[in-house]
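Notes follow once the structure below has been shown.
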Protein chains: 2
Amino acid sequence: MRAPRTQPPRKTRLTTERIVDAAMSLMASDGYDAVSMRSLARELETGPASLYTHVANREELDQLVLERVVAEVPLPEPDPERWQEQVKQLLRDILDAYRNHPGSARAAMGTIPTSEGGIAGAESMIALCLAGGIAPQAAAWFCDFTSLYVGAVAYEQSIWAERENTTIAGEPADHEALDKQLTSYFEDLPHDRFPLMRAFAQVMTTGDLTDRFEFAIDVMLAGLVASSGSYRRDDDAEVLAAASLDGQPGPS
Amino acid sequence: MRAPRTQPPRKTRLTTERIVDAAMSLMASDGYDAVSMRSLARELETGPASLYTHVANREELDQLVLERVVAEVPLPEPDPERWQEQVKQLLRDILDAYRNHPGSARAAMGTIPTSEGGIAGAESMIALCLAGGIAPQAAAWFCDFTSLYVGAVAYEQSIWAERENTTIAGEPADHEALDKQLTSYFEDLPHDRFPLMRAFAQVMTTGDLTDRFEFAIDVMLAGLVASSGSYRRDDDAEVLAAASLDGQPGPS
DNA sequence: CGTAGTCGACGAACAGTGTTCGTAATCGCG
DNA sequence: CGCGATTACGAACACTGTTCGTCGACTACG
């Protein structure tokens, strides 16, 4: 029929990258739930079965999307002088990466994070902690701890954001209205059973996601430095010492 | 209600409670994904449509299940002498409640927590913090922070647990084998790009969920007490954290 | 230039999901 | 007993992820 010489084929070939691209843009515009193998195929002007030549299944697609997202996180060069600020910034950057790709956090919660980028982020976090004199075991667990928390925040924000887009089509459901609604919900609680909630309704609803996040990372870091000196369980103190000295943890 | 006459009707009446009961037992035995309106109806020997007379939709069912779960959490009487241990215990109890009902954590992640029991738990947590002299704003945000973290831990554990039940049917996939597999995964990473990961493979995989959770709640509480004194929007928690600990280098 | 073979594309179908409609059975009450 | 209100439920709708088998186009070799 046609000579496929001078021009590329009319129908652009399907690739994994194009699929992931489409998934991310669809997710960003219509939310995580709007991304299905069918809607994705429709977006790419093909059938659902075509996707499976490039993507094993839904879970792998989520992981590919995630990989893209975390790849955007800038990884710092550890500086012992300001390692604490670097840790905070890294956490902020991870959260921002999620927020820049709405819905990606929902993909993150469903899969075991064994991605390349995730490991790199963990490596970076642990390097920062070690630069701050934190014991390896504490650094490793702290890394686990923070990534879990950041993921949870991103996930909650993701759901919140999608709720906003799904209001009764009239108002975009501005923050103030929802805030007031939430405040009055706390104030209307039975004050004999929930006296504190009622009294602190204002305080409970104060602060947006950023405020709460900043508070949390402050607490986490303060807790790390406060407890890292004393946190050692007797039975693995030797392992920690060995690991921090020559880098090779001794067995037994 | 109660059975009116001498004998209950042959076919036991459907109630919201029976539905939630069935959902919880099904979830406990076969995992969260095994619970669908259809499988639930099958379990109750009826059709899917019948459930909708007692339960608005899937989301409400999840919320009802959650309410049951959190209702089991024992709420402490605040004691200023040992409020910190009480906070930790409360967090442990919340996690245990999730763990006692496998799959419930997955239901928790999908809904905005406006349940009765959730509010009670928050009330209790804030009361403990206030008993410890924490400022209301910090107490409120700390409550938010911890509940998010505990939920994330429970969720991750939930997924992990269900993965275990879905192995290749041969072995029950004991922890040791998975641990070794994970350790060697870290050790097999390209050591030029991930030197720390490779060196600390042992440390990374050390500790089960309980160890990590205990570490995290230690850090959170230490961070709360360390930063609560100075945390008043000046957000200079680091200064105080450094001041409370001698061996740590001061951050500029 | 022709043919064989490989591999990507894809329509159709399977088994499952949440949810709704209309109807049938049953219950409570007068 | 009879009637109105409530509950039960089969069938159907519009989805979901995934697989099978076929069809077409492109590649490589003779």
Side-chain angles (χ1 to χ4, degrees), chain A residues 1-23 26-27 30-65 103 106-107 110-111 159 162-163 166, chain B residues 1-23 26-27 30-65 103 106-107 109-111 159 162 166:
Chain A
M1 271 299 175
R2 180 173 49 257
R5 282 275 118 190
T6 58
Q7 291 202 347
R10 187 184 305 168
K11 201 150 201 182
T12 47
R13 259 178 93 95
L14 217 49
T15 64
T16 305
E17 299 199 358
R18 280 190 60 216
I19 293 176
V20 177
D21 282 343
L26 193 57
M27 206 162 71
D30 294 356
Y32 179 82
D33 286 330
V35 179
S36 72
M37 297 310 249
R38 282 177 159 79
S39 65
L40 203 50
R42 220 176 297 132
E43 202 80 358
L44 293 163
E45 292 177 319
T46 181
S50 307
L51 307 176
Y52 284 85
T53 4
H54 305 275
V55 169
N57 48 31
R58 182 69 214 270
E59 189 177 333
E60 185 178 300
L61 192 147
D62 279 348
Q63 254 164 340
L64 289 171
V65 168
R106 291 190 55 184
T111 56
I159 288 194
E162 285 182 21
R163 285 282 156 90
T166 325
Chain B
M1 283 297 176
R2 198 183 355 268
R5 287 269 119 192
T6 55
Q7 287 202 349
R10 188 182 305 166
K11 199 152 201 181
T12 47
R13 257 178 95 93
L14 218 49
T15 64
T16 305
E17 300 199 358
R18 280 191 60 215
I19 293 176
V20 178
D21 281 343
L26 193 58
M27 204 162 73
D30 294 357
Y32 179 81
D33 286 329
V35 179
S36 72
M37 297 310 248
R38 282 178 160 80
S39 65
L40 202 50
R42 221 176 296 132
E43 202 80 358
L44 294 163
E45 292 177 317
T46 180
S50 307
L51 306 176
Y52 285 85
T53 337
H54 305 276
V55 167
N57 48 29
R58 182 70 214 270
E59 190 177 333
E60 186 179 298
L61 192 146
D62 279 349
Q63 255 164 339
L64 289 172
V65 168
R106 291 190 54 184
M109 282 278 111
T111 57
I159 287 193
E162 285 183 20
T166 325

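Only a predicted model underlies this, so the values are computations on that prediction, with no experimental measurement involved. Quick note on labels: first sequence line is chain A, next is B, and so on, each numbered from 1. Basis for what follows: all heavy atoms, side chains included, without hydrogens, waters or symmetry-related copies.
Atom pair A:Arg13:CZ and C:dC7:P shows a separation of 12 Å (rounding to whole Å applied). When rounded to the nearest whole Å, the span between CD of A:Glu43 and C1' of C:dC10 equals 18 Å. Atom-to-atom, NE2 of B:His54 to P of D:dT7 comes out at 7 Å; the value is rounded to the nearest Å. Taking atom CD on A:Glu45 and atom C1' on C:dC10, their separation rounds to 14 Å, with Å as the unit.
Listed pair B:Ser50 / D:dC9 meets the phosphate criterion, a side-chain N or O lying under 4.0 Å from OP1 or OP2. Side-chain N/O atoms of A:Thr53 include none lying less than 4.0 angstrom from OP1 or OP2 on C:dG8.
Considering only residues two or more places apart in sequence or on other chains, B:Met109 meets the side-chain contact (heavy atoms from CB on, under 4.5 Å) condition with A:Met109, A:Tyr155, B:Tyr155. Residues forming a salt bridge (Lys or Arg N to Asp or Glu O under 4.0 Å) with A:Arg106 (at least two apart in sequence, or on another chain): A:Asp33, A:Glu162. With sequence neighbours excluded, no residue satisfies side-chain contact (heavy atoms from CB on, under 4.5 Å) with B:Thr53. For the salt bridge (Lys or Arg N to Asp or Glu O under 4.0 Å) test, residues two or more places apart in sequence or in another chain that qualify with B:Glu59 are A:Arg163. Considering only residues two or more places apart in sequence or on other chains, A:Asp21 meets the side-chain contact (heavy atoms from CB on, under 4.5 Å) condition with A:Arg68.
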At under 4.0 Å between heavy atoms, how does the protein contact nucleotides 11-23 of chain D? Give one character per nucleotide, 5' to 3', with B, S or -. -B---BBBBB---
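Taking CG of A:Leu26 as the reference point, atom CD of A:Glu43 lies at 5.0 Å (rounded to 0.5 Å).
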